[in-house]
> 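Here it is: the structure, laid out below.
FYI, side chains are in, hydrogens and waters are out, and symmetry mates aren't considered; it's all heavy atoms of this structure. We count ligands from 1, going down the list as the structure has it; atoms in each ligand are counted the same way. Keep in mind that this is a model prediction, so the values were computed, not measured.
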Amino acid sequence: LQMSVEVERKFFFNPDTLKTLEKIGAVCVNRQHFHDKYFDSPTFALTLRDTWLRQRQGCWELKCPTTKTAQTNVAAELCTRYKEITDLSEIQRRVEEVLHACEDGDRGPSLQDEESWLKKCHLLCFAQFATTRQSFVLQAEGVRVDLDQADFGYSVGEIEVLVPEGGDVNSALEKIERTAQKLGLTANQRVRGKMDVFLERNLPEHYAKLLSYRGEKERR
Ligand code: V4E
């Protein structure tokens with residue numbers, strides 16, 4: 001099964017960022033436009049557990065929280081880590097585990113038809129938007145930098161490293177920190193992702209619930 005941990009730091013970019021990327025030897029690998037659809041139950045059973053089910057250009061992906069290892073430094077707190085799952089039957093298994101709600105009938109080991117699976121689990125598309133992305137790689141570091149422009153008027157950059165399961169998360173954090181320094185990101189600010197901003201603008205009640213759940217988690 002393809003399973004890896006995505007370690008990522010978001011940042012704000014400006015027109016100079018392109019020049020800086022070139023200067024530090026980042027190579028533009030592609031420019032793409034994609035459409036994301038996010039799914040959840042009517043009670044937000046997935047997202048309130050920080051579990052993100054999405055279809056990007058028809059392909060399913062699931063991002064789930066990882067069990068956190070100790071933070072090495074302050075910069076690490078600016079990074080997020082999520083397990084990324086792309087195998088559909090594994091996605092279905094995990095989603096059902098989180099929901100406990102798909103109890104009607106046992107499911108066999110085989111893949112369930114997408115349409116009927118969504119229906120059975122009461123999963124609905126709650127958000128969708130398109131993104132134009134320019135991607136760069138820093139070969140030496142194994143780091144990827146994406147510059148995203150979402151169609152609802154929000155732009156955000158991401159420095160990311162994919163760590164294979166059981167791989168070295170701390171070295172990924174260090175690579176991201178070095179890249180951030182090369183890009184001149186001095187402000188140690190937490191930058192919000194596209195979904196956060198989308199929810200705040202379009203689904204404020206859902207967003208408020210997420211914030212209060214996150215708050216509880218951090219206070220625990
Ligand atoms: C994990 C998550 C969401 C899913 C989307 O993740 P993200 O990496 O932000 O999106 P995108 O389009 O860049 O995906 P990629 O192409 O890199 O796979 S939506 C919200 N979250 C949780 C989350 C959070 N709680 N806080 C921050 C700062 N980011 C994400």
Side-chain angles (χ1 to χ4, degrees), residues 2-13 29-40 44-68 71 75-87 91 94-95 98 123 125-137 143-163 172-173 176 179-180 185 187-204 206-219:
Q2 319 97 301
M3 212 182 311
S4 43
V5 173
E6 181 191 61
V7 187
E8 168 182 297
R9 172 170 166 174
K10 296 189 195 298
F11 66 97
F12 289 127
F13 63 93
V29 287
N30 70 15
R31 193 184 167 89
Q32 51 178 329
H33 186 76
F34 51 82
H35 189 100
D36 290 332
K37 278 176 152 184
Y38 283 88
F39 293 80
D40 203 348
F44 310 128
L46 295 180
T47 55
L48 293 182
R49 290 176 183 82
D50 205 15
T51 300
W52 301 85
L53 174 65
R54 108 182 144 198
Q55 211 178 18
R56 172 170 291 177
Q57 301 296 95
C59 295
W60 290 97
E61 295 172 81
L62 186 70
K63 297 205 191 207
C64 329
T66 55
T67 36
K68 265 205 169 169
Q71 304 270 7
E77 283 176 29
L78 297 170
C79 295
T80 55
R81 315 126 207 238
Y82 284 89
K83 221 176 273 174
E84 257 191 4
I85 299 156
T86 54
D87 179 82
I91 289 175
R94 297 225 177 198
V95 165
V98 176
L123 291 168
C125 172
F126 66 93
Q128 53 179 320
F129 51 82
T131 300
T132 300
R133 167 174 290 179
Q134 240 181 311
S135 299
F136 300 80
V137 291
V143 169
R144 187 181 179 94
V145 177
D146 290 334
L147 305 183
D148 286 356
Q149 280 177 283
D151 64 355
F152 55 88
Y154 182 69
S155 293
V156 65
E158 302 176 344
I159 306 171
E160 66 175 58
V161 176
L162 273 184
V163 181
L173 290 168
I176 290 173
T179 306
L185 308 179
N188 277 346
Q189 60 181 151
R190 237 177 213 275
V191 170
R192 295 191 305 157
K194 300 185 287 294
M195 177 57 82
D196 260 35
V197 174
F198 181 93
L199 289 178
E200 182 182 37
R201 290 185 192 172
N202 299 290
L203 297 165
H206 187 170
Y207 185 66
K209 277 196 183 140
L210 276 174
L211 286 188
S212 68
Y213 270 63
R214 279 182 206 163
E216 264 174 46
K217 222 170 139 185
E218 272 153 31
R219 280 192 296 276

> For Arg133, counting its heavy atoms only, list the atoms of ligand 1 lying under 4.0 Å from any of them.
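Answer for ligand 1: 11 (P), 12 (O), 13 (O), 15 (P), 16 (O), 17 (O).
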> Is it the case that ligand 1 has an N or O less than 3.5 angstrom from some N or O of Thr80?
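N/O-N/O distance under 3.5 Å: no.
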> According to the interplanar angle, ranging from 0 to 90°, do the rings of Phe11 and Phe13 count as parallel (below 30°), tilted (30 to 60°) or perpendicular (above 60°)?
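Perpendicular, since the angle between the ring planes exceeds 60°.
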> Tell me: protein heavy atom nearest atom 29 (N) of ligand 1, and distance?
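Closest protein heavy atom to atom 29 (N) of ligand 1: Lys10 CE, 3.7 Å.
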> Among Arg9, Lys63, Glu8, Lys194, whose heavy atom sits nearest atom 11 (P) of ligand 1?
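Looking at heavy atoms only, the winner is Lys194.
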> Numbering the atoms of ligand 1 from 1, which are under 4.0 Å from a heavy atom of Met195?
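What qualifies from ligand 1 is 19 (S).
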> Checking a contact table here: which protein heavy atom is nearest atom 13 (O) of ligand 1, and how many Å away?
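Of the protein heavy atoms, Glu158 OE2, 2.3 Å lies nearest.
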> Apply side chain to side chain contact (heavy atoms under 4.5 Å, CB included) to Ile85 and Trp60, showing your working.
CA-CA 9 Å; Ile85 299 156; Trp60 290 97; over 6 Å; no
> Relative to atom 22 (C) of ligand 1, which among Tyr213, Phe34, Tyr82, Tyr38 owns the nearest non-hydrogen atom?
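The nearest heavy atom belongs to Tyr82.
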> Between Arg192 and ligand 1, which residue portion shows a heavy-atom distance shorter than 4.0 Å: side chain, backbone, both, or neither?
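It is neither; nothing of Arg192 touches ligand 1.
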> Please report which non-hydrogen protein atom sits nearest to atom 16 (O) of ligand 1, along with the residue it belongs to and the distance in Å to one decimal place.
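Among all protein heavy atoms, the one nearest atom 16 (O) of ligand 1 is Arg56 NH1, 2.7 Å.
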> Atom CZ of residue position Arg49 - does it have more than 12 heavy atoms of other residues, nucleotides or ligands inside 6.0 Å?
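No - once you tally the heavy atoms of other residues, nucleotides and ligands closer than 6.0 Å, there are 12 at most.
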> Among protein heavy atoms, which sits nearest to atom 28 (C) of ligand 1, and what does the distance come to when rounded to 0.1 Å?
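Going atom by atom, the protein heavy atom closest to atom 28 (C) of ligand 1 ends up being Val191 O, 3.9 Å.
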> Should the heavy atoms of other residues, nucleotides or ligands under 6.0 Å from OH of Tyr213 be counted, would the total exceed 12?
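No, the 6.0 Å shell around OH holds no more than 12 heavy atoms from other groups.
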> With respect to Asp196, determine whether any N or O atom, backbone or side chain, lies less than 3.5 Å from an N or O atom of ligand 1.
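No: no nitrogen or oxygen of Asp196 is under 3.5 Å from one in ligand 1.
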> Any Lys/Arg nitrogen of Asp196 or Arg214 sitting under 4.0 Å from an Asp/Glu carboxylate oxygen of the other?
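Judged by the 4.0 Å cut-off on N to carboxylate O distance, Asp196 and Arg214 do form a salt bridge.
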> Looking at Glu200 and Arg192, is there a salt bridge between them, counting it only when a charged N and a carboxylate O are closer than 4.0 Å?
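Looking at Glu200 together with Arg192, the answer is yes, because their closest N to O distance falls below 4.0 Å.
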> Counting heavy atoms only, which of Arg81, Glu84, Arg54, Arg190 comes nearest to atom 14 (O) of ligand 1?
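Of the listed residues, Arg54 has the closest heavy atom.
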> Over 60° means perpendicular and under 30° means parallel, so classify the ring planes of His206 and Phe126, tilted if in between.
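Tilted.
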> State plainly whether the residues Lys10 and Glu8 are in salt-bridge range, i.e. N to O under 4.0 Å.
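Between Glu8 and Lys10 there is a salt bridge, with a charged N closer than 4.0 Å to a carboxylate O.
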> So, Asp146 side chain and Gly157 main chain: donor-acceptor pair closer than 3.5 Å or not?
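Checked: no pair found.
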> For Ala130, does its backbone N or O pair with a side-chain atom of Asp151 as donor and acceptor, under 3.5 Å?
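Looks like yes, one N/O pair under 3.5 Å.
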> With a 4.0 Å cut-off on heavy atoms, is Glu61 in contact with ligand 1?
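Distance cut 4.0 Å: Glu61 fails for ligand 1.
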> Under a heavy-atom criterion of less than 4.0 Å, does Asp50 contact ligand 1?
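Yes; Asp50 lies near enough to ligand 1 that a heavy-atom distance drops under 4.0 Å.
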> Looking at Lys63 and Glu6, is any side-chain nitrogen of the basic one under 4.0 Å from a carboxylate oxygen of the acidic one?
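Yes, charged N to carboxylate O under 4.0 Å.
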> Quick check on contacts: which atoms of ligand 1 are under 4.0 angstrom from a heavy atom of Glu160?
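Checking each atom against Glu160, I get 17 (O).
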> Under 4.0 Å, heavy atoms only, figure out whether ligand 1 is touched by the backbone of Thr131, its side chain, both or neither.
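Neither part.
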> With heavy-atom distances below 4.0 Å as the criterion, list the atoms of ligand 1 near Arg214.
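Heavy-atom distances to Arg214 below 4.0 Å select 24 (C), 25 (N).
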